[in-house]
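Below is one structure, written out as structure tokens; comments come after it.
Note that the structure is predicted; figures quoted are calculated from it, not measured. Proteins get letters first, then strands, A, B, ... in listed order; numbering begins at 1 in each.
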Amino acid sequence: MSRDYTEMEKKWQKAWTDQKLNEAEPDSRPKFMLIFAYPGLTGYLHVGHLRGYTYADAIGRYKRMTGHNVLFPVGTHATGNGAISLYNKIHAQDPKTIDYLKRNGCTDAELAGLTSPMAVVKFFNGVYVNEYWKRFGFLADWRRFTCTLFPDYAKFIEWQFCQLKAANLLIQKPYYAPFCPNCGPVAVDPSETDLSKGGNAETQEYTLLKFWCEEQQLYLVAATLRPETVFGQVCFWARPDLEYVKIKKGKEIWVVSPQAAEKLELQMDGVTTIGKVKGDEMIGWQCRAPMLHKLIPVFPAAFVDPDVGTGLVTSVPSDAPDDWDSLEKVKQDPALRVKYGLSQKLIDSVKPVSIISIEGYGEFPAQTIIEKMKIADVEDPAKVRELMEEAKKQVYKDGYHMGRMKDTCGAFAGLRVEEAKDKMKQAMLDSGEAELFRDLTEEVVCRCGRRVHIKRIDDQWFIDYGNADLTARTKEHCKGMQIFPQEYYDNVGGVLDWFRERACVRLGNWLGTKFPFDPKWTIEAISDSTLYPLYYTISLYANEGRIKPEQMKPEFFDYVVLEKGTAAAVAAATGIDTTLLDKIKADVHYWYPLDINLGGKEHMTVHFPVFLMNHRAILPDSMQPRGIIVNWYVTGKNKDKISKSKGGAQPIPGAAAKYGVDSMRLYYAHVASMFVDVEWDEDIVFMYRQKLERIMTVVEDLIAAETDVPAGDIDAWLLSRFNTHLAEIRTAMEKYDLRQMATVVYYDMTNDIRWYGRRGGKDKKTIREALRIWINTMMPITPHVAEELWHEAGFEGLVAAAQLPVADSRVQSAAAEYGEDLVQEVIGDVNTIRKIAKTETKKAVIYTSPAWKVDVLKMALADQTAGKLSIPALTKECMANLELRKNGKATAEFAKKTAVDVMHAGAAARQPVADLNETALLQSACGFIASELGMEIAVYSADDTAKYDPQNKAHVAVPGRPAIYLE
RNA sequence: GCCGACGUAGCCGAGUUGGCCAAAGGCGGCAGACUCAAGAUCUGUUCCCUAGCGGUUCGCCGGUUCGAAUCCGGCCGUCGGCACCA
């Protein structure tokens, strides 16, 4: 059967909003406020993003149907340059961008309206709200929607920063940032939000080593990542074919590559280029090596890269494969000697010095690795370069972890490399022989096209997340929070400890709130999204125009949030009347604290810590967050990010139309736990769609089948099962385990209904009661289908507004539930035996346990309940009974088995076995079993003297496990 | 490199306070039913052996224990974060 899902969804969505089910106003119920971490407005989202959002809506709906007044607000994060960049591409008519927009459903008219970055923001705000969240049936309070670029939101952020300042958590100090000459500081990260190239680059700290060249009265400056190797320096490398520059740095003159000079200017004061010097000119110069204080010669080397470090390199052939290799070349190439006028004596005087001992390496680790990797045998220069890089990394890694400084290393002899590195660096910095320099590990290019380098920014503002008191108080609070998964709860304290100061403002042309203490700065993207859930309690009034941004002065927030000042004074300062002020204040304190903040796993070490710390820093105890849920991703095939070229990039509205919103919601909820990644697979979504359709058919068949008949055992069984399921659902949802709930509702309950039908159940009263429960439980995850079925079943009102029934323990019966298990088990056993026997069978005889075994079981249960069950005790007890004693050996054996079993499983699990009259149950189910198996069935008690038992099977029957004979 | 997490049958994934766990559920496979037909639905089955017994499994190696998918150590592999992306 094919349904028009889209139409059905629209119908019920309209019914919900007509009744304002999504709009949250304070009342007398307990409140529940949850959000998902708002998404960055970077363009269209894909089906993976809906996973977390759907969890939030389902949890909100569940809370609503269990007595809570739920506030579920949404918003978007647009701070940064994403919208500017997108706008620029649209403006430039970039074909790829236009195609991307159109493919995702942007019409020509809409495209024509994207005439500014803010227009882009507004457009996507509409897309997210209408095409994603409303489309998916979310019961979010749309009236409260906010965006980080709204003027009222800015007022809130300004206030937040005033609070941070007042708490002494804003500090200023120099900072080294990736910097574009056009755009200012940029974020270097793999998502390349700000970049067109180089997202994987890292900032590396080099030690600049200064080599005094007496005859030239200047310093040759080399950059190294291995300051611990200075005792192994034997010469110095320059590229003869390059032109270097002389720069003046204070009173000193340095020689570096022009590229390095440009970078140094960004990081150091008073650096100016004053001249040039050719590489080949320098060959043969003598310079004094730092730490070693020995003269070493400048030799030519081809591997030197002017873009890396300073374009000059100090040579430590013992531990650097490139140095080893280049020194070999100098020694073996007579032409070089002639070309640069180097004397044989000078060349001979340069010998590697062994400085670090590493297990598994020889005297000279660089030599060892070159030989081990057989680099000398490789012809292709590109391949050689690659191998040399690998060799360098390997030697470095082994040296760093396992190496120890040899006696040649002066005061540092004996130290592990790990320790020596920092100590030697510090010693040279202290003596003025070295300075620090930061560089990126690969070429980074800004979205504007300019090359990005590291720049020192002197007056950078930070939020001081390293503050010990704040960290301690935040950690303390976390202990009382509900944080899922457990692993993150256990670890969040460690994350908070690790968190240190974080730059919170940036220069350049960015969208965002201006820093209130100096408008040249814009508050950056993470810092303006830490306390924002609070703002949803206020945004309603700004969105409705009842308060104006210019009225939202610090006094306003002080009053409504922190309850500082008086309504009269704040009214005078802001022009907002006192009634409204007090209404807003009441709202804030009704809704806050936040109960759940739900977000993807990438938030664990960035957003969640700052969210927690800003709350702790600014708000009182009564407003601290109560819960965090982390969800994992939906990935493309083979764990790639969902690729735009494959199915996963199918626009969300398209997927919703194709599968139906509820199928996708069920897919998200059930396909895996929240805490594992899932591969997007359309076939699996389709399967969930079929599952839902089957359930709808089952319900409709049930409605059609119901008649007024007397209720029987199977009716009691079904109601017992469903009430048990209600209890299971509540237990699962205490941990927000949507997957467990989905398993119960869509699988276990479906199977129960099916079994009920198979066993001939059709009592109208039972069916209506079961449906009432079942459809209710479907509401959180598949609300549209639930609403449709609720309507078809003729129940009143909207199920979205209904309350989940509470499990009624009076109709729950362990014995009734167990009885049906036994029937199924008997059928299963007969099938198994029939299959193994591989012969034609026409008749099955079932023998239930003899009464004496039931008696023994009852004794064991009583003993277990009294806490005194043991094998000898039970055996003795049995032997005290004269009847049992007659059959002493068998009784003792059975008593032993029973005791062990009851001790394992517990009395509660076995009680129903003892309570059930197996013979009566199986005899009454006899007809059913016969029709299921398609053979004749006879049921006897093992005690029945007139039973048919040609193979003497009856004696193996035990309670819960009837014996079976087939013929 | 550092911090954290994960690794389960053909596949996706439950299970991890150690004990009815050969291990839920789904997909896929096989057999059957129904059917004009359906990526339909229903029933049974799906590690090996077997009248329900039993045997070998939960990345690899070793250890603790009466007992380990669950605890400990090492190794291998995957994922996230690593500071101006949320």
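- Straight-line distance from the CZ atom of A:Arg689 to the C1' atom of B:C27: 18 Å, rounded to whole Å.
- Cation-pi contact between A:Lys735 and A:Phe484: absent, since separation from the ring centre below 6.0 Å together with deviation from the ring axis within 45° is not met.
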Detail all sub-3.5 Å separations between protein N/O atoms and N/O atoms belonging to nucleotides 14-17 of chain B.
unit_1	atom_1	unit_2	atom_2	d
B:A14	OP1	A:Ser673	N	2.7
B:A14	OP1	A:Ser673	OG	3.0

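- Side chain to side chain, A:Asn597 and A:His603 fail the donor-acceptor criterion of an N or O pair below 3.5 Å.
- Whole-Å rounding puts the A:Met604 CE to B:A5 P distance at 10 Å.
- Checking the phosphate oxygens (OP1, OP2) of B:U41, a side-chain nitrogen or oxygen of A:Arg694 falls inside 4.0 Å.
- Within 4.0 Å (heavy atoms only), A:Pro609 reaches no atom of the nucleic acid at all.
- Pair check for B:A9 finds none; no Watson-Crick or G-U wobble contact set falls under 3.5 Å.
- Taking the 5.5 Å centre cut-off and the 30° plane limit, the aromatic side chain of A:Phe686 is classed as stacked on B:G39.
- Here B:C36 sits opposite no nucleotide as a Watson-Crick or G-U wobble pair (both hydrogen-bonding atom distances under 3.5 Å).
- Under a 3.5 Å cut-off, the side chain of A:Asn614 and the backbone N or O of A:Val610 do form a donor-acceptor pair.
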Residue pair A:Thr782, A:Tyr746: steps toward the side chain to side chain donor-acceptor pair (under 3.5 Å) verdict | CA-CA 10 Å; A:Thr782 55; A:Tyr746 300 94; 2.6 Å; yes
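- B:G18 is unpaired under the Watson-Crick or G-U wobble criterion, no partner having all donor-acceptor distances under 3.5 Å.
- Distance, A:Asp422 CG to B:C2 C1': 14 Å, rounded to whole Å.
- B:G4 is paired with B:C79 under the criterion used here, namely a Watson-Crick or G-U wobble arrangement in which both key atom distances are under 3.5 Å.
- B:G80 atom C1' lies 8 Å from atom CG of A:Asp677, rounded to whole Å.
- Atom NE2 of A:His725 and atom C1' of B:A24 are 14 Å apart (whole Å).
- When the P atom is compared between B:C61 and B:A9, the two are found 15 Å apart, to the nearest whole Å.
- If you check every strand for non-hydrogen atoms under 4.0 Å, A:His77 touches sugar and phosphate atoms only.
- Residue A:Asp683 is in base contact, counting any heavy-atom pair closer than 4.0 Å across all strands shown.
- Looking at heavy-atom distances under 4.0 Å, A:Glu602 makes contact with a base.
- Between the CG atom of A:Leu496 and the P atom of B:G81 there is a distance of 18 Å, rounded to whole Å.
- Going from the P atom of B:C60 to that of B:U8 covers 10 Å, rounded to whole Å.
- For B:C42, one of the phosphate oxygens OP1 or OP2 lies less than 4.0 angstrom from a side-chain nitrogen or oxygen of A:Arg754.
- B:A31 and B:U43 make up a base pair, with Watson-Crick or G-U wobble contacts both under 3.5 Å.
- In this structure, A:Tyr747 and A:His670 have parallel ring planes: the angle between them is below the 30° cut-off, well short of the 60° mark.
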Stepwise, does the ring pair (Phe, Tyr, Trp, His ring centres under 6.0 Å) test hold for A:Trp680 with A:Tyr633?
-> CA-CA 10 Å; A:Trp680 174 251; A:Tyr633 301 156; over 10 Å; no
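- A 3.5 Å limit on both hydrogen-bonding distances identifies no Watson-Crick or G-U partner for B:A23.
- Nucleotide B:C12 holds its P atom 20 Å from the CG atom of A:Leu666, rounded to whole Å.
- A straight line from CE of A:Met687 to P of B:C11 spans 17 Å, rounded to a whole angstrom.
- Applying the Watson-Crick and G-U wobble criteria (two distances, each under 3.5 Å), B:G62 pairs with B:C72.
- Note on A:Tyr488: nothing from the nucleic acid sits closer than 4.0 angstrom, heavy atoms only.
- The side-chain contact (heavy atoms from CB on, under 4.5 Å) check on A:Gln486 picks up A:Tyr489, A:Asp490, with sequence neighbours excluded.
- Residue contacts for A:Ile684: at a heavy-atom cut-off of 4.0 Å it reaches no nucleic acid atom on any strand shown.
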